[in-house]
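A short write-up of the structure that comes next.
Here the structure is a predicted model, which means the values were calculated and not measured.
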Amino acid sequence: MDVKLRTARSLVSKLSSVSEQTRSEALKELRLITKHDADSRPLVADAGAIPYLAETLFGSSPDFQDDAAATLLNISISCRHSLISTRGLLDAISHALRHHSSPTSSATAVQSSAATLHSLLVVEDYRPIIGAKRDIVYSLIDIVKSPKSPPRSVKDALKALFGIALCPSNRASLVELGAVPALFTLVVNDGRLGIVEDATAVIAQVGGCEESADAFRRVAGVRVLADLLDFSTGSSLRSRENAVSALLNLTRCGGERAVVEVREEGLGVVDGIADVAENGGPKGKSKGVALLKVIDGGNRSISSIFRDPRFDSLLRQSSLN
């Protein structure tokens, strides 16, 4: 451990060198050791690397940005508190994300920065802190809606947005900053399975605030989600589970008008909802049953229309609130 500590301190000291080559070599070495040696991560953090790495994200060298962002991501796996407590770290990440389309920006640095946020957002207490950084939220949404964003950047941005949306107090800001049209545009226009699944996961969380109802309405969101539950669209089970979750959250937070809209569209895809209730994961099954009950409205409208005994069985099941 003494050797690793001396190595970490030596490399970190080189980050302040006036020699560009020395700084470059130190960055590349720090990236490697923090990737392959978990024991070195806290040593590198304790040696004072994080402020230097954060400062490097403001620089004009894509290679330097790439190595610095990747090293921060590696450190975040083991030392989340060290990162979130470093003054200016979130501002540096915001800068990298905000300049995602700049010719002097590294695409991989953008991806590593978004992935670092996702890593930090594992900690529940950090979600309101990061969600309060509107420049970060806006930049993540901008990455998602930019047609020039690489698929990897979009996926990493979606995962970060999901972590932010897990905090209920962040959801109104997501709606205000334009997350809803950006996410639904991906669902409608992007045929890549993983992208659609990740986008619907964020939509499901964002649906859990009253501000989402009007935003969903402006993009025909209920209809889009219902279409995902139509077997003819070939949506994955995960996407269909997310659609069920989004519709259920909308009925709980969007008011009576949202409930009526979900019932109207839901009656056309009860088979798809029932499939989630029968074949989804534990949460998916529970939410599928709950959504069927919302659509049924307690007056046996589903059974009277479809006359299928399996609907009676599902509607008799208990569901989590």
Side-chain angles (χ1 to χ4, degrees), residues 5 8-9 11-12 15-16 27 30-31 33-35 37-59 64-100 105-106 108-144 153 155-174 177 179 198 201-202 205-206:
L5 179 59
R9 288 175 175 172
L11 289 170
V12 171
L15 294 179
S16 59
L27 279 170
L30 285 168
R31 178 178 183 172
I33 65 172
T34 54
K35 178 179 180 180
D37 184 7
D39 292 338
S40 291
R41 292 170 191 153
L43 302 178
V44 169
D46 291 344
I50 297 174
Y52 286 111
L53 297 169
E55 184 180 349
T56 302
L57 295 183
F58 289 101
F64 277 38
Q65 294 172 20
D66 188 8
D67 289 330
T71 305
L72 287 170
L73 173 57
N74 296 337
I75 293 172
S76 76
I77 298 169
S78 306
C79 310
R80 294 184 176 95
H81 180 72
S82 297
L83 263 70
I84 201 72
S85 61
T86 297
R87 183 181 179 88
L89 183 277
L90 292 179
D91 291 333
I93 288 177
S94 174
H95 178 85
L97 297 174
R98 192 165 60 250
H99 292 82
H100 66 92
S105 174
S106 161
T108 48
V110 171
Q111 293 155 18
S112 293
S113 295
T116 298
L117 287 177
H118 180 241
S119 176
L120 292 172
L121 288 159
V122 168
V123 182
E124 186 174 351
D125 289 345
Y126 298 167
R127 292 169 189 166
I129 297 172
I130 295 172
K133 292 281 189 179
R134 290 170 66 88
D135 49 344
I136 285 179
V137 177
Y138 179 85
S139 297
L140 290 169
I141 294 171
D142 194 56
I143 291 169
V144 165
S153 296
K155 278 192 69 70
D156 285 325
L158 287 170
K159 289 181 182 298
L161 286 170
F162 177 77
I164 291 170
L166 285 174
C167 177
S169 63
N170 291 335
R171 293 169 188 165
S173 292
L174 284 163
L177 292 172
D198 290 341
V202 184
Q205 295 301 319
V206 174

Might you point out which heavy atoms bring [X] and [Y] nearest each other, and give the distance in Å?
X      : Y      : answer
His81  : Tyr126 : CA-OH, 3.3 Å
Val44  : Val12  : O-CG2, 4.1 Å
Ala92  : Ala54  : CB-O, 3.3 Å
Ser169 : Pro128 : OG-CB, 4.5 Å
Asp135 : Ser94  : OD2-OG, 2.9 Å
Ser153 : Ile143 : O-CG2, 3.7 Å

Separation between [atom1] of [X] and [atom2] of [Y], rounded to the nearest 0.5 Å:
X      : Y      : atom1 : atom2 : result
Leu120 : Leu89  : CG    : CG    : 7.0 Å
Leu140 : Leu161 : CG    : CG    : 4.5 Å
Leu117 : Leu72  : CG    : CG    : 10.5 Å
Ile75  : Arg80  : CD1   : CZ    : 13.0 Å
His99  : Ser139 : NE2   : OG    : 9.0 Å
Ile33  : Thr71  : CD1   : OG1   : 8.5 Å

(request) Evaluate the side-chain contact (heavy atoms from CB on, under 4.5 Å) criterion for residues Val202 and Val206: first the C-alpha distance (whole Å), next the side-chain angles of each, then the deciding distance (0.1 Å), finally the verdict. (result) CA-CA 6 Å; Val202 184; Val206 174; 4.0 Å; yes
Are any side-chain N or O atoms of [X] and backbone N or O atoms of [Y], one a donor and one an acceptor, separated by less than 3.5 Å?
X      : Y      : value
Ser112 : Ala109 : no
Gln65  : Gly59  : yes
Thr56  : Tyr52  : yes
Asp142 : Tyr138 : no

(request) Before giving the answer on side-chain contact (heavy atoms from CB on, under 4.5 Å), spell out for Arg31 and Asp66 the whole-Å C-alpha distance, their side-chain angles and the decisive distance to 0.1 Å. (result) CA-CA 10 Å; Arg31 178 178 183 172; Asp66 188 8; 3.5 Å; yes
(message) How about CZ on Phe64, more than 12 heavy atoms from neighbouring residues, nucleotides or ligands closer than 6.0 Å, or not?
(response) yes
(message) Let's go through Val137 and Ser173 carefully: what are the C-alpha distance in whole Å and the side-chain angles of both, what is the deciding distance for side-chain contact (heavy atoms from CB on, under 4.5 Å) to 0.1 Å, and is it a yes or a no?
(response) CA-CA 8 Å; Val137 177; Ser173 292; 5.6 Å; no
(message) I'd like to know whether Asp156 forms a side-chain contact (heavy atoms from CB on, under 4.5 Å) with His118, so could you lay out the CA-CA distance, the side-chain angles of the two residues, the decisive distance to 0.1 Å, and finally the verdict.
(response) CA-CA 8 Å; Asp156 285 325; His118 180 241; over 6 Å; no
(request) Just do the salt bridge (charged side-chain N to carboxylate O under 4.0 Å, His left out) check on Asp91 and Lys133 with the steps written out, would you? (result) CA-CA 9 Å; Asp91 291 333; Lys133 292 281 189 179; 3.3 Å; yes
